[in-house]
Amino acid sequence: MTVRTRFAPSPTGYMHVGNLRTALYAYLLARKHNGVFILRIEDTDQEREVAGAVDIIYHTLRQVGLLWDEGPDVGGPCGPYIQSERKPIYREYADKLVESGHAYYCFCDKERLDMMRKRQEAEGKQPKYDGHCRTLSREEREELIAGGRSWVIRQRIPDEGMTTFKDEVFGEITVENATLDDNVLLKSDGLPTYNFANVVDDHLMGISHVIRGIEYLSSSPKYNLLYTAFGWEIPKYVHCPPVMRDAQKKLSKRDGDASYQDFIDKGYLNEALINYLALLGWNPGNDREKFTLPELIEAFSIEGISRSPAIFDPVKLAWLNGEYLRALTPEEFTAKAIPFIRKTVKREDVPLPAIAAVLHQRTEKLSDIPPQLDFIDTLPAYSKELFLHKKSKTTFENSLASLRAAREALAAIPPENWDHATLHATLMGLVEKLGVKNAIVLWPVRVALSGKEFTPGGGIEIAHILGKDEALHRLDAGIEKLS
RNA sequence: GACCCCAUCGUCUAGCGGUUAGGACGCCGGCCUUUCACGUCGGUAGCACCGGUUCAAAUCCGGUUGGGGUCGCCA
């Protein structure tokens, strides 16, 4: 049997990282078994339809490398892959169910349904369709339809008995049919509900493993009843526990930390995000933490999916992202860093690769970059106490002496030789000449050059970045401050 | 509330009857060092609780507690 999995999002506007994880698992399982990964758009709720949302889905999946074999844009043997374009299909299958007695027409309007629910709640009973239209005869039904009454088709759940289904991660689950509701299968607008469409489409598209969020777990018995009513083979179910914000709340868009695009905008790498998501609720059975997509395919298995909700930890994601960033070549990192460097550094005459070099080991996510560079365009106001560094034993006196000596030595460097190697040789030469610890010279130089307690890079790197003129000016300002 | 599910360091997790309960992030400390960071070495911290089964329980069973999911003409 060939493995066929699908990712079936509804186009609601943005890609939730929890959904992305579900897509990832579906993709990994398909690829692992040389199967087929399908993209299906579930747009049966016209109210919630958001313009451009489908493009976001395409774009996101492509960015992270989850390429699909069948889907709306690439076609395939089981199309169309957009549910709104499959409308006649659902009607046809709903009719079959009505024919076989597994479903029935219902003419109850919203008012009656609302009243019914209110009454049930008042009585402390579980809200559930009361079966009002279950017993309508064919004649009564035709008459109501002819009279222009709007209708839906509901699933007829057996009044008694139990339904058992098997989930690949949670095992066998049994529920009493009496706790199940006669859900709407076909809505009055002729489109199916999720409850119906997923069964029809998963069967028609030959889906072997239904991978989805745990919110569908408790509905699965109803889906099984449907598969059985049609005489269809039941697929394997793989329900994934939710991605949480904390122990109580699911990760949500509202909290500003659920959208894939937001992470990318903050400077997280696709590779790191996918790697992190894969390990959130799944483990390879060993201690390994870093995986490329192909490596994930190799390592993936359903057995590794955990049963409990997982809290999304932005701190660990940042660490992983830092690992990916640090593994980049200097050229790759520079290319990614430049847009973020440019958010604070407007000066044109600065060596961008040198700035990037100094940031490379100090960046966990690219959005860490801008605040680190706020001293480059203009020297911040700073207190002279900054020159005092306890561990390095710097004082106002030796700082002033160092600054003067450094100023003189640096002034002697020809502008065309103002590079890291020369600066390093010059300043280290000065240290040697003076017979002091490195920090006696380099701490005050760094302070005068940056006006900051912490900087990416030290005195040598910053002098290089600033350029000769600016560096000398700042040293002069430091000398003046200490004089 | 009813039904279903889940439960190992703060977090992600390994563990499938006998382990000094392992790893990772975080945190703390040492080293490295030109500040910070990187790197490196070390440390901190956990089987929710109560019963039972067993020679032996984090592992099996029951209950309690806590948490999650569902109860829409949303998916």
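Lettering of chains follows the sequences in order, A, B, ..., and the numbering in each one begins at 1.
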Side-chain donor-acceptor pair present, A/Thr363, A/Asp368, cut-off under 3.5 Å: no
Distance below 4.0 Å between A/Thr193 side-chain N/O and B/G72 OP1 or OP2: no
Pair A/Ser220-A/His239, side-chain donor/acceptor within less than 3.5 Å: yes
Donor-acceptor under 3.5 Å (A/Arg117 side chain, A/Arg119 main chain): no
Polar side-chain contact A/Lys316-B/A24 base: donor and acceptor under 3.5 Å: yes
Nucleotide forming a Watson-Crick or wobble pair with B/C47, both distances under 3.5 Å: none
Sugar-phosphate, base or nothing in reach of A/Cys108, heavy atoms under 4.0 Å: base
Watson-Crick/G-U partner (both atom distances under 3.5 Å) of B/A57: none
Same-atom distance (P) from B/A37 to B/C50, integer angstrom: 43 Å
Distance-only polar pair, side chains of A/Tyr324 and A/Asn275, donor-acceptor under 3.5 Å: yes
Which nucleotide in B/C36, B/G69, B/C38 has an atom nearest any side-chain atom of A/Ser218: B/G69
Phosphate OP1/OP2 of B/U13 contacted by A/Ser306 side-chain N/O (<4.0 Å): yes
Side chain of A/Arg154 - closest among B/C73, B/A24, B/C38: B/C73
Any strand: nucleotide that pairs with B/U19 via Watson-Crick or wobble, under 3.5 Å: none
A/Arg117 side-chain N/O to B/C73 phosphate OP1/OP2 under 4.0 Å: yes
Nearest-nucleotide comparison on RNA chain B, the residue closer to the 5′ end among A/Gly457 and A/Gln248: A/Gly457
A/Asn283 side chain near B/U13 phosphate (N/O to OP1/OP2, under 4.0 Å): no
Pair partner, B/A7 [Watson-Crick or wobble, under 3.5 Å]: B/U65
Separation between the C1' atoms of B/C47 and B/C9, rounded to whole Å: 10 Å
Counter-base of B/A14, judged by Watson-Crick or G-U geometry with both distances under 3.5 Å: none
Distance-only donor-acceptor test, A/Ser188 side-chain atoms vs B/C73 base atoms, 3.5 Å: yes
Parallel, tilted or perpendicular, as decided by the 30° and 60° cut-offs, for the rings of A/Tyr58 and A/Trp68: parallel
Sugar-phosphate, base or nothing in reach of A/Phe312, heavy atoms under 4.0 Å: nothing
Gap between atoms CD1 and P, on A/Ile157 and B/C71 respectively (whole Å): 13 Å
For atom CG of A/Leu325 and atom C1' of B/A37, their distance in whole Å: 13 Å
ring-ring contact (aromatic ring centres under 6.0 Å, His included) evaluation trace for A/Tyr216 with A/Tyr194: CA-CA 10 Å; A/Tyr216 299 108; A/Tyr194 173 86; 4.4 Å; yes
Note: A/Lys452-A/Asp374 ion pair, threshold 4.0 Å (strictly below): yes
Sugar-phosphate, base or nothing in reach of A/Val152, heavy atoms under 4.0 Å: base
Inter-nucleotide P distance (B/G66, B/U54), Å rounded: 31 Å
Donor/acceptor link under 3.5 angstrom from A/Lys391 side chain onto base of B/U33: yes
Atom-to-atom span, CD of A/Glu289 to P of B/G26 - whole angstrom: 11 Å
Closest nucleotide among B/U34, B/C5, B/G68 to the A/Ile173 side chain: B/C5
A/Asp313, nearest nucleotide to its side chain (from B/U11, B/C6, B/C38): B/U11
Residue mapping more 5' on RNA chain B - nearest nucleotide basis, A/Pro456 or A/Thr174: A/Thr174
Sugar-phosphate, base or nothing in reach of A/Arg307, heavy atoms under 4.0 Å: sugar-phosphate
Nearest to side-chain heavy atoms of A/Asp45, which nucleotide of B/U34, B/A37, B/C74: B/C74
Residues A/Thr164 and A/Thr174: side-chain donor-acceptor under 3.5 angstrom: yes
Nucleotide nearest A/Ile214 when distance is taken to its side chain, options B/G69, B/C6, B/U35: B/G69
From B/A75, B/C71, B/G23, nucleotide with atom closest to A/Glu215 side chain: B/A75
Presence of A/Lys249 side-chain N/O under 4.0 Å of B/G67 phosphate oxygens OP1/OP2: no
Sugar-phosphate, base or nothing in reach of A/Ser450, heavy atoms under 4.0 Å: nothing
Atom-to-atom span, OH of A/Tyr216 to P of B/C74 - whole angstrom: 13 Å
Spacing of A/Leu180 atom CG relative to B/C71 atom C1', expressed in whole Å: 10 Å
Rounded distance in Å between the P positions of B/A58 and B/G67: 26 Å
Distance test, side-chain N/O of A/Arg48 to OP1/OP2 of B/A75, below 4.0 Å: no
Inter-nucleotide C1' distance (B/G69, B/G22), Å rounded: 32 Å
Rounded interatomic separation in angstrom, taking CD from A/Glu172 and P from B/C5: 11 Å
Listed nucleotide nearest any side-chain atom of A/Trp319, set B/C25, B/U35, B/C12: B/C25
